[in-house]
Amino acid sequence: QVQLVESGGGLVQAGGSLRLSCAASGRTFSTYAMAWFRQAPGKEREFVAAISWNGGTIYYADHVKGRFTISRDNAKNTEYLQMNSLKPEDTGVYYCAANRSRMAGWVDDEYNYWGQGTQVTVSS
């Protein structure tokens, strides 16, 4: 069993930056694929980025490419999402997710474990 706890959300002006963290419990974190998803008010949850177990393969959703960077530190059991040039449409609850395989994609059903989410609000 893996428990995921996100942090780092908050209120930021458009054009600003935030760094989200996802701390994972358990010794198997380093073998799991990880991802970030988000859900805006009144909308379905959507994929943001995914990273393989060793960081060697990374996927981004088109709407965050060039602005967001996903990374992980297996020694610290932590995943990160650096978000730059934030836009009001980036507002939402951001969730980290883990998949028991070494790489997963952009479909939320692929992921076995989820955090509780952290709110990101970007003001215009």
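- Residues A50 and A104 approach most closely at CB-O, 4.0 Å, considering heavy atoms.
- Atom CG of residue L81 and atom OG of residue S71 lie 8.0 Å apart, to the nearest 0.5 angstrom.
- Counting all heavy atoms, side chain and backbone alike, Y111 lies closest to G105 at OH-O, 2.6 Å.
- Within the 3.5 Å criterion, the main-chain N or O of Y32 finds no donor-acceptor partner in the side chain of N99.
- The hydrophobic cluster containing V107 also contains Y95, counting ILVMFWY residues as joined when their side-chain heavy atoms lie under 4.5 angstrom apart, directly or transitively.
- Between F47 and F37, the ring centre distance stays below 6.0 Å.
- For residues 52-76, the ring-ring contact (aromatic ring centres under 6.0 Å, His included) pairs, not counting sequence neighbours, are Y59-W106.
- T91 and E89 form no side-chain donor-acceptor contact under 3.5 Å, judged by distance and modelled atom types alone.
- Rounded to the nearest 0.5 angstrom, M83 CE and L20 CG are separated by 4.0 Å.
- Connection of V120 to V5 is not established within any shared hydrophobic cluster, with ILVMFWY side chains joined at heavy-atom distances below 4.5 Å, either directly or through further cluster members.
- Here the straight-line distance linking atom OG of S7 with atom CZ of R19 works out to 9.5 Å at 0.5 Å rounding.
- The backbone N or O of L11 lies less than 3.5 Å from no partner atom in the side chain of T121, so there is not a single donor-acceptor pair.
- The CZ atom of R72 sits 6.0 Å away from atom CD1 of I51, with the distance rounded to the nearest 0.5 Å.
- Here the straight-line distance linking atom OG of S30 with atom CG of D73 works out to 11.0 Å at 0.5 Å rounding.
- E79 CD to C96 SG: the interatomic distance, rounded to the nearest 0.5 Å, is 5.5 Å.
- Hydrophobic clustering, with ILVMFWY side chains joined whenever heavy atoms are under 4.5 angstrom apart, keeps M103 apart from V48.
- In summary, the side chains of Y113 and R100 do present a donor paired with an acceptor at a separation below 3.5 Å, with no hydrogens or angles considered.
- Side-chain atoms of S85 and R67, non-hydrogen and from C-beta on, do get closer than 4.5 Å to each other.
- Tracing side-chain contacts under 4.5 Å through hydrophobic residues (I, L, V, M, F, W, Y), one reaches W114 starting from V93; they form part of the same cluster.
- Counted by atom type alone, N84 and S17 present one or more donor-acceptor pairs between their side chains at under 3.5 Å.
- Linking Ile, Leu, Val, Met, Phe, Trp and Tyr whenever their side-chain heavy atoms come within less than 4.5 Å leaves Y80 and M34 in two separate clusters.
- Nearest heavy-atom pair across A24 and V2 is CB-CG1, 4.3 Å.
- Sorted by first then second residue, the salt bridge (charged side-chain N to carboxylate O under 4.0 Å, His left out) pairs that include residues 34-52, not counting sequence neighbours, are R38-E46, R38-D90, R45-D108.
- When only modelled atom types and interatomic distance are considered, W36 and E6 share no side-chain donor-acceptor pair under 3.5 Å.
- Taking a 6.0 Å sphere around CD of Q116, one finds it holds more than 12 heavy atoms contributed by other residues, nucleotides or ligands.
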